[in-house]
Protein chains: 4
Amino acid sequence: MTTGRRGRVRSEEARRAILEATATLLAASGYEQLSVDRIATTAGVGKQTVYRWWSSKSAVIAECLLDGYVLSDLIVPAKTGDARSDVGNWLRALVDFLDDPKNAALFRALAAAASENREVSDRLYERFSGPLHTALVECLRAGIRAGQVRDDAPVPAVADILIGAVLHRALAHIAIPLGTVDGVVDALFSGVAAAARED
Amino acid sequence: MTTGRRGRVRSEEARRAILEATATLLAASGYEQLSVDRIATTAGVGKQTVYRWWSSKSAVIAECLLDGYVLSDLIVPAKTGDARSDVGNWLRALVDFLDDPKNAALFRALAAAASENREVSDRLYERFSGPLHTALVECLRAGIRAGQVRDDAPVPAVADILIGAVLHRALAHIAIPLGTVDGVVDALFSGVAAAARED
Amino acid sequence: MTTGRRGRVRSEEARRAILEATATLLAASGYEQLSVDRIATTAGVGKQTVYRWWSSKSAVIAECLLDGYVLSDLIVPAKTGDARSDVGNWLRALVDFLDDPKNAALFRALAAAASENREVSDRLYERFSGPLHTALVECLRAGIRAGQVRDDAPVPAVADILIGAVLHRALAHIAIPLGTVDGVVDALFSGVAAAARED
Amino acid sequence: MTTGRRGRVRSEEARRAILEATATLLAASGYEQLSVDRIATTAGVGKQTVYRWWSSKSAVIAECLLDGYVLSDLIVPAKTGDARSDVGNWLRALVDFLDDPKNAALFRALAAAASENREVSDRLYERFSGPLHTALVECLRAGIRAGQVRDDAPVPAVADILIGAVLHRALAHIAIPLGTVDGVVDALFSGVAAAARED
DNA sequence: TGTTAAACGAGACGGTACGTCTAGTCTTCGG
DNA sequence: CCGAAGACTAGACGTACCGTCTCGTTTAACA
C-alpha cells in the first residue's frame, strides 16, 4: 500500500512544541509580546517550520484553541435539575475563573487575536462561546421540561445574554461583583416587568 | 501676568491632525496596521510630536475616544415613557450600527486596543459602555416610575446584560439576527421562569 | 556472482544533470546567485543527491571544471614554429574570448568560487592556468630550440606573466585593448632594457 | 544661512564603526562569512543604518577600499634611480606581503567581492592596481630618462604585466617563489628573444 | 527689541520582529 | 540501497516600526 506522498513526513513533535510554546507565551505575556521568533526559539524549532504550517501567529493561536492548548478546561453548567441554580452556579464559576488576573489576561489576549483575525474569532467561538451556548441552552430546556422555565422562553437569546454579560466585563478590565451575577440570574428568570396584570 | 511657561505653545492644529489621522487610519485598516510612523506621516507631523504628548499609539486612541474622534455619535435609548419599546428600539439601532462592516471593524479595532491597554479600556468604557449603562439605567428607572418595570429589578445588571449581549456578537464576527434582539428584550422583561406561582 | 555492492547503482544521468545545471546556472547568473536548491531543481534531482556526492556547491563547481563542463574549449597556443607569433596569436585569442561579457562573467564567477574554496582554486589551476602554463612553456622551449628565444630565458616566469596579465584585466572588469597584447609580447621578447652594452 | 537639509545629521561615528567592522571581519573571515547582521552587531549599530547608506555588503567593502580601511598601506616602488632594482625590490616586497596568509586571504576576499560587484572592482582598481600602475609607469619612465630602459618600451603593458603576475599567484593560492620574481624582472628587462643579430 | 526656551517638521539612531530564502541534514516512499 | 521529495534546524536577508535623539526653524513670553 502507498500513501501517494513522498518525502519526510510532518513532525508531530514540532507541531506540539509550537502549540505548547504559543499557549505558554500567550498566557505569560499577552498577544502583543508574542512573536514568531520567540515561539520558534521556545519550541526549539526553525522559524520556517512555523511559517510552513501556519500563515501567522494568529493562525497558530487559532489552532491552539482548536486543539485545547488554551481554554482546555471549559467551564460548563452542571445539570442538577434546578435550572436557576445551575445557571447561577455556572456563572459564579466563570466569574471566579476570570477573577484570576492570569485568566483574564489570557482571555483578553485571545480577544485581541480574535478582533484581528477571523479564524481565531471562529475558533474562539467554536471552542468557548459555542459549547457554552449549547450547554446553557440544554440547561434551560431541561428547566422547561422540569416546569421551572416557561416553555416559550427565547432560550438562545438568554444563553447569548449570559455569555455576553461575562465577556463584556472581562474585556473592559472590570472585576465582576458577585452581586451582579445574582442580578443577572434574577432578571433573566423573573423578568423585570412589573407584575401589573394583577392590578 | 505670566504663565510661568516660555517657548512656543503647543500646536492645537497638530493635536487635531494627529487625532484625526489616528481615527481615520484605525477605521480604515484596524489596530494592527496602525503605526506611529503612519499617524505622523498622515497628520503631516514629526514623530516626536506624537511622542511628546502621548506615550504610545494606544494612548492616542484613548484620547480619540475621549474627544469623540471615534464613536462620536453615541447611540442612546430614546425616552418615550415606554421602557420596553425604548430599550427594544435602542437595541435595534445598535445592532443596525454594528451591521455595517465598517463599524464592526472599528469596534473590533477598539476592542483589540482595549485588550492590550488599560487606559484605552477605561476610555472605551467611559465613552461607550458607561454612558450606555447610565442611559439604560435611567430608562429602566423611568419604567419603574411608570409602573412598567418591577421596582426591585436589578437595574444595573440588566443594563450590563443588554450591552454585553451586543458586544459579544460584535467581537465574535457574528451578525446579530433581529429576532435575537426581541428575544433579549422579551427575556429581560418577562423573565424566563414559568409562572408557577399561580399553580 | 555479486559485485559486493548492493542496491541501486549511482545514476550517471543524475551526475551529468547536476554538473550541467551547475555550469549553466553559473554562466547565467554568477556564483552568488547559485544555490544548491536551484542546482537540484534545475537538474530534476533531489537536494540530497547533490550532497551525497559533493560536500558543497564549490565542490560541484570544482568537478565541473575537472570534467570540462565549464572552460571546456581551452585556448592553447598553436605551434607553428614561430614562438613570438604563436604567443601573440594565443594571447589575442584569449583576449577575444574574454571580450565576450558572458565569458568574462563566467570567469569572474569562477574566480569568486576559487577565492573562497581551495579545491576550486586547485581545479581551476589544473584546468586553466596549468595547461596554459605547460603549453606556453613548450611553446617557448620550441622557440629556444629554433633559436628564436635565448636559451637562458626564465621560461616558467614568462608563462606566468602572460597568464597573469590577462587574468588581472578580466577580474578588474577592464576591457583589454589589443595594443596591450602587442606591448606585452614586445616587452617579453625584446626586453625593456636599453641596448647599452654597445656603448 | 541654511543648509537646506533638515533632520538629524548622519553620524560619522556610525559610519566609521561600520567601515572598521567590515574591514576587520573581512580580513578575519573572508567575504562569504561576512554578513550585514555581523557588521551591524560588531559596529554596535542597527542593521538599518547599514542599509540606509549602502545598498549591500559589497558596497560597504567598496567604500572601505575608497577610504583606506583596507589596503591602506600601499606598497609602491621606491625610486632610487635604478629602475631595474627598484622594480625588483618592489615586486619582492609585494610578494612578501602576500606571503602572509592573512594578507593573501584578505586579497582573495576582495577579489571575490570584486568579481561580484562592479563598484568594488572599480574601487579596488582605483585603490590598488591603479596607483601601482601609475607608480610603476613613473618608475620605468625614470629608467628611460636614466638610459636604463629603452625609450620605445611599452611601459603601460609592462606595468600591467608586473601587477598581473603577482595577482594571478595570489588568487590561485600559489605561494610565489622568489626565483619567479627575479625571472619576471629578468624577462622584462632583458627580453627573451635570442640575441640573433650578432650571429 | 532682542534673548531665551519650548514645540515644531524632519529624519537618523540602536533595536526587535517580520516573512522569505538558503545551507546542509534527516526521514519517508518507491524503484 | 539509491534517488526524489520534502520537512527539519539554523541563520542571513532586506523591510517596517519602535521609541529616542538630534538638527535647524518657528513662535511665544520674558527682559
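Just so it is clear, the values below take in all heavy atoms, side chains as well, and ignore hydrogens, waters and symmetry mates. Order of the sequence lines fixes the chain letters, A, B, ..., with proteins taken first and strands second; residue numbering starts at 1 for each chain.
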Applying side chain to side chain contact (heavy atoms under 4.5 Å, CB included), can you list everything that pairs with A59(B), at least two apart in sequence or on another chain? W54(B), S55(B), S56(B), E119(B)

Could I get the full list of salt bridge (Lys or Arg N to Asp or Glu O under 4.0 Å) partners for E32(A), not counting sequence neighbours? none

Could you identify which residues of residues 30-45 of chain A place a heavy atom less than 4.0 Å from some atom of DNA chain F, listed by residue number, or say none? G44(A), V45(A)

Output all residues satisfying side-chain hydrogen bond (donor to acceptor under 3.5 Å, both in side chains) with D37(B), sequence neighbours left out; order by chain, then residue number. none

Counting only pairs under 3.5 Å, give me each side-chain donor-acceptor contact of residues 17-27 of chain D, with atom names and distances, residues two or more places apart or in other chains.
residue : atom : partner : partner atom : Å
T22(D)  : OG1  : I18(D)  : O            : 2.7
T24(D)  : OG1  : E20(D)  : O            : 2.8

List for me each residue that meets side-chain hydrogen bond (donor to acceptor under 3.5 Å, both in side chains) alongside S58(C), sequence neighbours excluded, and say none if there are none. Y31(C)

What's touching nucleotides 3-5 of chain E from the protein side, N or O pairs under 3.5 Å?
residue : atom : partner : partner atom : Å
dT4(E)  : O3'  : R6(B)   : NH2          : 3.0

By side-chain hydrogen bond (donor to acceptor under 3.5 Å, both in side chains), D122(A) pairs with (sequence neighbours left out) R118(A)

For R15(D), enumerate each residue passing the side-chain hydrogen bond (donor to acceptor under 3.5 Å, both in side chains) test, keeping only those at least two apart in sequence or located in another chain. E12(D), E63(D), D67(D)

Salt bridge (Lys or Arg N to Asp or Glu O under 4.0 Å) against R108(B), all qualifying residues, sequence neighbours excluded: none

Short of 4.0 Å, heavy atom to strand atom, which residues of residues 14-26 of chain D count as contacting DNA chain F? none

With sequence neighbours excluded, what pairs up with S29(A) under the side chain to side chain contact (heavy atoms under 4.5 Å, CB included) test? Q33(A)

